[in-house]
Amino acid sequence: EFYSEAQAKMFLQFYEQTAQVVLNELMEATWNYVTNITRRNQENMMQKEAEWSQFMLYFGTRARMFRINHFLDPDVKRMLSKLRNIDKSALPTKDLLEYNKLLTYMEAAYNGAEVCLNEGPCLPLEPDLEEIMATSRDQKELLWAWQGWRDAVGRQLRPVFGDYVHLSNKVAQYNGYEDMGALWRSKYESDTLEDDLEQLYTELQPLYLNLHAYVRRSLYRFYGPELIDLRGPIPAHLLGNMWAQSWGNILDLVLPYPDKPPEDVTKIMKIQHWKPEKMFEEANLFFTSMGMLPAPPTFWIKSMMQKPVDGREVECHTSSWNFYKFNDFRVKKCTEVTVEDLLSVFHQMGHIQYFSQYQNLSVIYQEGASPAFEEAVGSIITLSASSHKHLLARGLLSQQHLDSEEEMNFLLGIALEKIAFIPFSYMVDLFRWKVFDGTIQKSVYNQEWWNLRDRVSLRSPGYPGTHSVDQADLELNSQVLGSKVLKYQGLCPPVPRSEDDFDPGAKFHIPASLPYVRYFLSLVLQFQLHEVLCRASGHVGPLHRCDIYNSKVAGRILEDLLKLGSSRPWQQVLKEMTGEPNISTKALLTYFKPLLNWLVTENVKQGDILGWPDFSCSFEE
Ligand SMILES: C[C@H](NC(=O)O)C(=O)O
Ligand SMILES: [Zn+2]
């Protein structure tokens, strides 16, 4: 028999009451585990996982019985269709146990991995190995950390990743999707997502290729020709980050005007005795200055703002948590007193703000308008918080004005964070979608990630800057090269890789089974929304000087977005807020226009080419 719309409303109310309790217990058990990794806490978490799946199975199967096309109330229809996707709860019990064991194993392998010095201590990723990658300028030391981390993590995950893929695809099929990539993409409510992504990437490529060429030249000057090939990819251990995903830590090596180095905010924070708690208060203040919500009392009591020193083993990867209980939201971060971590704290407080703003909605709607919106909120604020004007106002800088050269140094600093991230944030899921849909088989996981497979060199793009490596070339080669580090990032592994390695596994989100393309979309979206808020706040002048701190007008606009959660399709919400129905690179390109002009001129002056026609990696000569 089919249930009426009235019965559907009753069903949703019943779901609402019980979901909060079950979800809260699951979050508490998971939080207890990741902030104190013990066998007992792991068992408790697994128990709550099982209960949560039972609960989802009950409601998910019943949600599928309603014939929602006949219903009138758009909310009832939207909520029921969201309830139908019950993710891994759709697995038969035996498979579910196996899948949860796999997921826990992979995440534990990542969290517990460390790299040991010949005699003496073993170093964990946070803070030790990340500190080395950020600050060391000794390429042997960088190589030791880079290779050691991949040996410690990637090799452990390699044998099980195939099983994870197989069971993930089973989850997807039980929920009515081809494979797990299709299930992940469905969150964006768009049947043109993949084309839209490729279009965004194409629009951003000249910016990336010019930055890549410029940084390669700078590293050539510092590390010399034995390490850097001016017509080739850059060795991946020299970019100041374990995954070369953001290059902000090598700003000192690549400054456009080295005789005018920017003030060192990290140093100033240490001189001023900043502590992690103060970093969170600073970010909280930004939101309240805009008339938005403060983090509630529980946040300050229950968050984990530092790596514990009492011997507890924890998951250090930074994350924000909603406990689906009034005003209970927390951040877990092994915070170091650095400007990089200060901006990361701003990003996390954006998640907390979203949780607070939509907490009165149905549980079903307590998520971002799309995963990209979830990631964009904090990053929008970070764009203001990292402006010279803001840091000066907050006492983290003392130099009143920047001349045009100092301003170019500043813009390059932001580009090292944001532009370098473009190819990385795009290709992590391009890789995984191909793994899930079977294009990339287990036997070639690592070479596909690095694409060492084919010695096809990109046709040299002719003069730098005037015309970047044209899309046809890249497309031609992309069929051969596939979507991998070399094609997109123009990086090389510094040492030979084999199929015993599993380098993708060295990035948290892969063992943690967390989708990643949300960060690529957020990167574009955050500039688009930043521009809207800047204009609304009355900002005039270059976008990179805008700081919306204290703007109640901007706060209001942002609040109206966040309050909606996922109750409305994000395209509608975006159109209302910006007048555009799609994510657009216009604002990002406006923000970096002065820098792109400078980079193109510089690359032409140096006679540098865009792209990496010398395709092979140094050790392969
Ligand atoms: C950008 C992404 N942020 C996060 O996971 O919180 C990362 O760290 O890779
Ligand atoms: Zn985030």
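Counting convention: from 1, in listed order, for ligands and their atoms alike.
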List, for ligand 1, each N/O atom that has a protein N/O partner under 3.5 Å away, with both atom names and the distance.
unit_1, atom_1, unit_2, atom_2, d
ligand 1, 5 (O), His317, NE2, 2.9
ligand 1, 5 (O), His509, NE2, 2.8
ligand 1, 5 (O), Tyr519, OH, 3.2
ligand 1, 9 (O), Gln245, NE2, 3.1
ligand 1, 9 (O), Lys507, NZ, 2.8
ligand 1, 9 (O), Tyr516, OH, 2.6

Answer whether the closest heavy-atom distance between the side chains of Met242 and Arg150 falls below 4.5 Å. yes

With sequence neighbours excluded, tell me which residues meet ring pair (Phe, Tyr, Trp, His ring centres under 6.0 Å) with Phe323. Trp31

Can you check whether Asp503's main-chain N or O pairs, donor with acceptor, with Asn446's side chain at less than 3.5 Å? yes

For the Zn ion (ligand 2), check which protein N, O or S atoms are under 2.8 Å away and list them. His347 NE2, His351 NE2, Glu375 OE1

Please find the pair of heavy atoms, one from Gly505 and one from Val153, that lie closest to each other, and give the distance. O-CG1, 3.3 Å

Are Glu374 and Lys187 ion-paired here, with the side-chain N under 4.0 Å from a carboxylate O? no

Basic-acidic side-chain contact under 4.0 Å: Lys333, Glu126: no

When you compare the side chain of Val428 with that of Trp449, does any pair of heavy atoms fall below 4.5 Å? yes

Quick test of your reading of the model: are Asp429 and Arg518 salt-bridged, counting only N-O distances below 4.0 Å? no

Partner residues of Gln348 under the side chain to side chain contact (heavy atoms under 4.5 Å, CB included) criterion, sequence neighbours left out: Thr318, Ser320, Val331, Ser344, His351

